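Down below is the structure, laid out as C-alpha cells.
Note that the structure is predicted; figures quoted are calculated from it, not measured. Below, all heavy atoms of this structure are taken into account, side chains as well, without hydrogens, waters or symmetry copies.
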Amino acid sequence: MNWLETVIISIVEGLTEFLPVSSTGHMIITQNLLGIPQGDPFVHAFTFIIQFGAILSVVCLYWKRFFQFDNSPAPAGSSLLQRLKHKYYFYWLLFVGVLPAVVIGLLAKKSGLLDWLLDSVEVVAVMLVVGGIFMLFCDRLFNKGTDENRVNEKRAFNIGLYQCISVIPGVSRSMATIVGGMTQGLTRKRAAEFSFFLAVPTMAGATLLDLLDLLKEDVSWATTHNITMLLLGCVVSFVVALLAMRWFVNFLTKYGFKAFGIYRIIVGGIIIILLLTGHSLAMVD
C-alpha cells in the first residue's frame with residue numbers, strides 16, 4: 001500500500017465507521033477498486049487497526065461521558081461490588097454490551113469465517129442491498145422511543161446481541177446497534193450515541209487482537225513504511241470520523257435511515273451488476 005491508497009482507505013473508514021453503511025464493506029470495496037491484493041495479513045490488519053483513530057474520535061467528542069463518574073451516594077447497605085457498579089455504571093453498561101460481540105467475534109475469527117468474509121466483495125454487495133431495503137422501513141417499524149427510556153443492563157445486552165450481526169461485512173455495526181437500541185425503546189439520538197460508546201471497547205478489542213496476530217506471525221511486515229502507513233491511517237480516520245459523527249447525529253435525528261438505505265441499495269446494486277456481468281472492480285490491475 002502506498003501513501004495515496006492509505007489516505008483514501010482511511011478517509012473511507014472515517015466517513016463510514018459511524019454511518020449505517022458498513023465501514024468494513026466500504027473498505028473492502030475501496031481496496032478492490034484500488035487493486036490492492038486481498039488475503040494479505042497486513043491488509044487485513046490495516047482494515048481493523050486504523051479503526052483506532054475512529055475510537056479516539058468518540059472518546060474526544062464525548063470525553064465528559066467517558067471521564068465523568070457517578071459520585072452520588074450508593075443505596076444504603078450496598079456491597080463493595082454494588083458501590084463500584086454504581087460509581088462506574090457507564091463502564092458497566094459497556095462491558096455488558098460488548099460481551100456478545102466478544103464471544104461471537106472470537107468464534108468467527110478462530111474458525112476462519114471472519115477472514116473469509118473479509119475477502120468476499122460478493123457478501124458485501126448482497127448485504128448492502130439487503131440492509132438498504134430493511135432501512136427503508138425500519139423508521140416506521142421501530143421509531144417509538146421516548147426520552148424517558150435510558151440504557152440499562154438488559155437494553156445494553158440486547159443491543160450487544162444485535163451488534164453480533166455486524167460480523168458480516170456489509171451489515172454495518174452502526175446500523176445493527178442503532179436499530180437494536182430503537183427496538184429497546186430508545187430514541188434515534190440516544191441509540192446512536194450508545195452505538196458510538198459501544199464502538200470503543202468493541203473496536204479496541206478487534207484492533208488489539210489483529211495487532212497481536214500480526215506480531216505472532218512473520219514480523220517482516222513491520223517495515224518503517226508499513227508502520228508509517230498505520231499511523232497515517234489512524235490520524236486520517238480520527239479527523240474524518242470526528243467530523244462525520246457530529247453531522248450524523250443531527251441528520252439521523254431529523255431524517256432517519258431512508259437516505260442511507262437508498263444509498264446502500266444503489267452501491268450494492270451496482271457492484272452486483274458488475275460482478276454478474278464479469279467485470280472486475282479493480283481500477284488498477
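Atom CZ in F18 sits 9.5 Å away from atom CG in L61 (nearest 0.5 Å). In this structure, L94 CG and F197 CZ are separated by 8.0 Å, a value rounded to the nearest 0.5 Å. With rounding to the nearest 0.5 Å, the separation of CG in L34 from CE in M1 is 8.5 Å. Rounding to the nearest 0.5 Å places CD1 of I133 at 11.0 Å from CG of L128. Atom CG of L276 and atom CD1 of I271 lie 12.0 Å apart (nearest 0.5 Å). Remark: E122 CD to M127 CE distance equals 14.0 Å, nearest 0.5 Å.
Aromatic ring centroids of W92 and F95 lie under 6.0 Å apart. Between F67 and Y62, a ring centre-to-centre spacing not shorter than 6.0 Å is recorded.
The side-chain heavy atoms of V235 and L231, taken from C-beta on, include no pair separated by under 4.5 Å. Residues H86 and Q82 fail the side-chain proximity criterion, which asks for heavy atoms closer than 4.5 Å. P169 has its side chain within reach of I28: a pair of non-hydrogen atoms, C-beta onward, lies under 4.5 Å apart. By the 4.5 Å heavy-atom criterion applied to side chains, C60 and F238 are counted as neighbours. Residues Y162 and T177 have side chains not in contact (no heavy-atom distance under 4.5 Å, counting atoms from C-beta outward).
With Q163 contributing its side chain and G160 its backbone, the two residues share no donor-acceptor pair below 3.5 Å. Between the side chain of T16 and the backbone N or O of L19 there is no donor-acceptor pair closer than 3.5 Å. With hydrogens and angles ignored, the 3.5 Å screen pairs a side-chain donor or acceptor of N149 with a backbone N or O of G185. Within the 3.5 Å criterion, the main-chain N or O of A54 finds a donor-acceptor partner in the side chain of S57. Here the side chain of D139 pairs a donor or acceptor atom with the backbone of F257 at under 3.5 angstrom. The closest donor-acceptor contact from the side chain of E5 to the backbone of N2 lies under 3.5 Å. Without hydrogens or angle criteria, T228 side chain to T224 main chain gives a donor-acceptor distance under 3.5 Å. Here the side chain of H26 pairs a donor or acceptor atom with the backbone of S22 at under 3.5 angstrom.
The two residues N152 and L93 have their closest heavy-atom pair at C-CD2, 3.5 Å. Taking each heavy atom of L198 and V98 in turn, the nearest pair found is CD1-N, 3.7 Å. Shortest non-hydrogen contact noted between C234 and I50 is SG-CA, 3.9 Å. In plain terms, the two heavy atoms of P20 and R264 that are nearest each other are O-NH1, 3.0 Å. In terms of heavy atoms, M229 sits closest to F46 at O-CE1, 3.6 Å. I11 and V240 get closest at one heavy-atom pair: O-CG1, 3.7 Å.
In this structure, F251 places its CZ atom where more than 12 heavy-atom neighbours from other residues, nucleotides or ligands lie under 6.0 Å away. Within a 6.0 Å sphere centred on NZ of K258, heavy atoms belonging to other residues, nucleotides or ligands number 12 at most. Other residues, nucleotides and ligands contribute at most 12 non-hydrogen atoms within 6.0 Å of the CZ atom of F52.
Aromatic ring pairs are classed by plane angle as parallel below 30°, tilted from 30° to 60° and perpendicular above 60°; the pair F248 and F196 is tilted.
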Stepwise side chain to side chain contact (heavy atoms under 4.5 Å, CB included) test for M175 and S195: CA-CA 9 Å; M175 182 188 79; S195 172; over 6 Å; no
Using side chain to side chain contact (heavy atoms under 4.5 Å, CB included), reason through Q31 and T47 one step at a time and then give a plain yes or no. CA-CA 10 Å; Q31 289 166 11; T47 301; 3.1 Å; yes
Pair I178, L186 - check side chain to side chain contact (heavy atoms under 4.5 Å, CB included), show working. CA-CA 9 Å; I178 294 173; L186 302 181; over 6 Å; no
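Taking the charged nitrogens against the carboxylate oxygens, K85 and E153 do have a contact shorter than 4.0 Å, which makes a salt bridge.
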